[in-house]
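Here the structure is laid out as structure tokens; the discussion comes afterwards.
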Amino acid sequence: MGWVGMATNHNNHKKYFAVSSGRKQICHAILRYVGLACLSGLSGLSAGSYGAESDLGALSLEQLLDVEVYSASKLAQKTTEAPASVTIITAADIRDYGYRTLADILRSVRGINISYDRTYSYLGLRGFGRTGDYNSRILLLVDGHRMNDPVFDTAAIGTEFTVDVDLIDRVEIVRGPGSSIYGSNAMLGVINVITRRGRDIDGVAVSGEIASFGTDKERLTWGGQNENGLEWLASATRYRASGQDIYFPEFGGTAHGLDHDRYDSAFGKWSWGGFSLTAAWSNRNKGMPTAPYRTDFNDPNANSRDGNAYIDFGYAGALGKRWEFSSRLFIGRYVYDGIYPYTYTQGNPVTLNKDVTRAAWWGMETKLVGHFDGHTLVSGFDYQDNRQQDQANFDINPFVSYLDERRSSTREGIYLQDEITLTSGLMLNAGLRYDHYSTVGGALNPRLAVIWSPRPATTLKWLYGTAFRAPNDYERYYAVAPQKANPNLRPEKATTYEFSVEHYLRADYRITASAYRSLVSNLIDQAVDPGDGLLVFENREGVDAKGLEFEVEKLWSGGARLRGSYAWQQAKDEATGARLVNSPQHLAKLNFAVPLFDTGWRGGFEFQYVGARKTLAEAKANAYLLTNVTLLNEQLTRNLALSASIYNLFDSRHVDPGGPELIHDSRVFLDTVPGDGRSWRLKATYRF
């Protein structure tokens with residue numbers, strides 16, 4: 001969490017930290033040094049980027065401490081009052097540490113590990129990092145809009161993510177079950193990407209960067225706000241990377257020119273009064289050097305394409321003095337094309353097999369928030385019509401069809417939550433949601449949280465909740481060798497218990513600790529059926545996951561910021577007692593950003609330790625430590641910002657466990673996939 005997330009939020013905390021006028025002066029001095037970038041996570045206070053000036057002295061201490069999070073309960077609330085353990089990563093963090101993708105951002109967060117199979121990035125949270133899934137146990141939002149598609153349930157976090165990271169104001173990571181307010185996919189947590197506003201740009205910004213592996217990226221952004229309140233932001237991005245030539249000893253050769261990565265994206269948002277309109281589009285093409293699904297190795301035709309687009313129209317306003325109303329109507333589309341080369345018979349020409357997914361949907365959400373003495377009620381209804389969920393697979397020439405699934409489905413949910421103030425410093429948060437899927441029926445999920453501040457600087461949370469994930473169309477109906485269908489899959493369910501404590505040693509020094517346990521039943525997992533050797537998704541008996549997390553955050557008066565965390569996690573199969581695949585027992589992170597004397601430059605230093613992980617072949621992916629360094633000057637000249645980053649500074653060799661799609665036969669099994677060695681990036685941004 002950036003320093004923005006360190007500002008305590010309970011009214012009692014305000015009184016505590018306001019006791020000493022001298023301390024208040026210190027806080028103002030600290031915030032003047034930190035600058036505007038560190039306030040990018042403050043709701044309603046986000047200002048321009050790249051060195052724009054702000055009269056921080058005009059803000060009261062109470063305003064600076066009123067940091068709010070939206071994603072825990074679908075309403076703005078203080079982080080100490082949220083019924084979950086929350087981390088906020090700000091735009092300042094993104095710039096200080098040179099983050100290039102959403103996966104980079106999340107990799108720095110406590111309790112999260114990221115794997116990369118040279119095609120997609122996968123998120124592991126609190127010991128769950130399942131190979132063969134597409135981040136379907138995490139709900140990904142952009143400004144509250146659901147991004148998980150209705151075929152794979154993918155939460156895209158790599159270069160296939162729709163929004164350029166330069167457009168992110170903050171990322172809210174809410175741990176634990178979120179189905180009581182969001183429904184399916186919010187099993188392990190909710191990630192909400194909050195984008196910047198037009199007034200934050202206030203003109204035109206042009207950005208360009210070059211990097212290792214033949215990489216270049218360009219971005220053009222225009223934003224502003226008129227006197228009549230009309231606000232707009234429009235941005236377009238182009239990215240090209242040649243990639244690396246990668247040697248795979250399992251295949252006895254090198255994949256040449258197959259690691260390329262290219263995408264184009266566009267994003268726009270407009271608002272006026274209570275109305276808002278957001279539109280996004282992206283198209284990404286990625287080479288596949290790992291020869292997945294038993295394809296021919298080192299064939300230049302192997303590649304995949306992911307396309308996403310959505311339009312979201314919303315309204316929010318007050319209904320009298322006590323009620324707030326909001327509603328949104330949205331449409332979305334997802335496109336996937338994969339080209340897989342096969343030599344079916346020795347000596348015959350290569351046959352190109354094409355895998356196709358087409359998904360289209362529309363839906364609506366309505367929410368009502370009521371404020372009463374001692375109560376804040378949140379109720380809502382959402383509906384989604386997945387009018388197209390098509391999957392096909394065929395050889396191109398000669399044409400042979402292997403799969404032609406054309407389906408549709410609907411889902412709807414209704415929820416109610418009450419935030420009750422029992423006494424000063426003691427709150428109860430209770431919520432309940434019912435979901436119904438036309439494919440698998442209904443699910444009921446509660447959440448209960450007791451939040452107590454026994455002292456002004458200390459908050460304790462007791463959390464309980466359940467969550468579920470409905471099996472998706474890919475898991476149930478995809479049947480092309482080497483994979484077969486399983487239409488009888490049942491929803492998986494998680495029950496989580498958690499205790500957390502947040503304590504401020506001083507206004508600039510915060511410590512956090514959490515202990516949790518999650519019990520997952522009917523876990524959907526991909527495995528090889530020993531009867532026929534085919535991959536299949538099936539329900540397993542269950543998983544028992546527990547862990548401890550610690551985090552320390554510190555800010556110095558000169559503008560330096562420190563965030564360090566350690567997570568111990570243990571996720572085991574209940575039936576066998578074996579540790580889960582791709583589940584590190586130890587994770588440690590350290591982020592330190594500091595002004596470099598009075599030069600105008602800042603240094604961002606990041607250390608990430610990932611413990612050893614079990615692989616599918618019962619082997620081990622060794623532990624590793626990555627070191628990343630970024631130098632940043634946000635006002636090299638009046639309108640020019642420049643940054644330089646080195647990733648994996650010491651060229652540490654590291655690998656990630658491979659998924660079951662990389663099993664070729666008993667002799668060839670790509671059990672681990674190599675990560676990137678040392679790389680660099682230079683980036684410049686100019687504002688007009």
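Worth knowing before you read on, the calculation uses all heavy atoms, side chains too, and leaves out hydrogens, waters and symmetry mates. Quantities reported herein were computed from a predicted structural model and do not represent experimental measurements.
- Among all heavy-atom pairs drawn from Ile114 and Tyr624, the shortest one is O-OH, 4.5 Å.
- By the 6.0 Å and 45° rule, Arg107 does not stack over the aromatic ring of Tyr116.
- Between the side chains of Tyr99 and Glu606, at least one donor N or O lies within less than 3.5 Å of an accepting N or O.
- The residues Asp216 and Arg238 are annotated as salt-bridged, a charged nitrogen and a carboxylate oxygen being separated by less than 4.0 angstrom.
- Asp473 and Tyr478 share no donor-acceptor pair across their side chains, judged by distance under 3.5 Å alone.
- Counting only N and O atoms by type, the side chains of Arg110 and Ser85 include a donor and acceptor under 3.5 Å apart.
- Here the closest heavy-atom approach between residue Ile112 and residue Leu106 is recorded as CG2-O, 3.3 Å.
- Taking all atoms of both residues into account, the shortest heavy-atom contact from Arg469 to Ser136 is CD-O, 3.1 Å.
- Defined by atom type and a distance below 3.5 Å, a donor-acceptor pair is missing between the side-chain atoms of Asp656 and Asn582.
- For the residue pair Thr630 and Ser645, a side-chain donor N or O sits within less than 3.5 Å of a side-chain acceptor on the partner.
- Phe297 and Phe251 have parallel rings, their planes meeting at less than 30° on a 0 to 90° scale where 60° marks the start of perpendicular.
- Inter-residue side-chain proximity for Phe605 and Thr627 is flagged as unmet; no heavy-atom pair is nearer than 4.5 Å.
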*asked:* If you apply the rule salt bridge (charged side-chain N to carboxylate O under 4.0 Å, His left out), what do you find for Lys286 with Asp259, and how did you get there?
replied: CA-CA 7 Å; Lys286 180 67 179 71; Asp259 193 41; 3.1 Å; yes
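- Residues Asp671 and Thr615 share a closest heavy-atom pair of OD2-OG1, 2.5 Å.
- Taking both residues in full, the closest heavy atoms of Thr162 and Met147 are given as OG1-CE, 3.5 Å, listed atom of the first, atom of the second, then distance.
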*Would Ser212 and Trp680 count as a side-chain contact (heavy atoms from CB on, under 4.5 Å) if you check the C-alpha gap in whole Å, the side-chain angles of each, and the deciding distance to 0.1 Å?*
CA-CA 6 Å; Ser212 299; Trp680 56 268; 2.9 Å; yes
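- Between Val480 and Tyr293 the shortest side-chain heavy-atom distance does not fall below 4.5 Å.
- Side chains of Asn648 and Asp676: no donor on one and acceptor on the other come within 3.5 Å.
- Evaluation of the side-chain hydrogen bond (donor to acceptor under 3.5 Å, both in side chains) rule for Arg262 yields no partner, not counting sequence neighbours.
- Relative to the ring axis of Tyr516, Arg126 places its NZ or CZ within 45° and under 6.0 Å from the centre.
- Between Tyr122 and Tyr120, the angle of the ring planes goes over 60°, which puts this pair in the perpendicular group of the 30/60° scheme.
- Few gaps surround NZ on Lys484; more than 12 heavy atoms of other groups in view lie less than 6.0 Å from it.
- Between the side chains of Asn192 and Ser71, at least one donor N or O sits under 3.5 Å from an acceptor N or O.
- Counting only N and O atoms by type, the side chains of Asn522 and Glu492 include no donor and acceptor under 3.5 Å apart.
- Ser652 has its side chain within reach of Leu626: a pair of non-hydrogen atoms, C-beta onward, lies under 4.5 Å apart.
- Classification of the Phe537-Tyr474 ring pair by plane angle, with boundaries at 30° and 60°, yields perpendicular.
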*Step by step, would you call Thr87 with Arg175 a side chain to side chain donor-acceptor pair (under 3.5 Å)?*
CA-CA 8 Å; Thr87 292; Arg175 297 171 183 81; 2.8 Å; yes
*asked:* Determine whether Tyr336 and Asp355 satisfy the following criterion, side-chain contact (heavy atoms from CB on, under 4.5 Å), listing intermediate values before the conclusion.
replied: CA-CA 8 Å; Tyr336 171 79; Asp355 206 50; 3.8 Å; yes
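- Residues Glu661 and Gln483 bring no donor and acceptor atom of their side chains to less than 3.5 Å of each other.
- With 3.5 Å as the limit, one finds a donor-acceptor pair spanning the side chains of Thr195 and Asp143.
- The number of heavy atoms from other shown groups lying within 6.0 Å of NZ (Lys614) is above 12.
- Between Ala302 and Pro341 the shortest heavy-atom distance is CB-CD, 3.9 Å.
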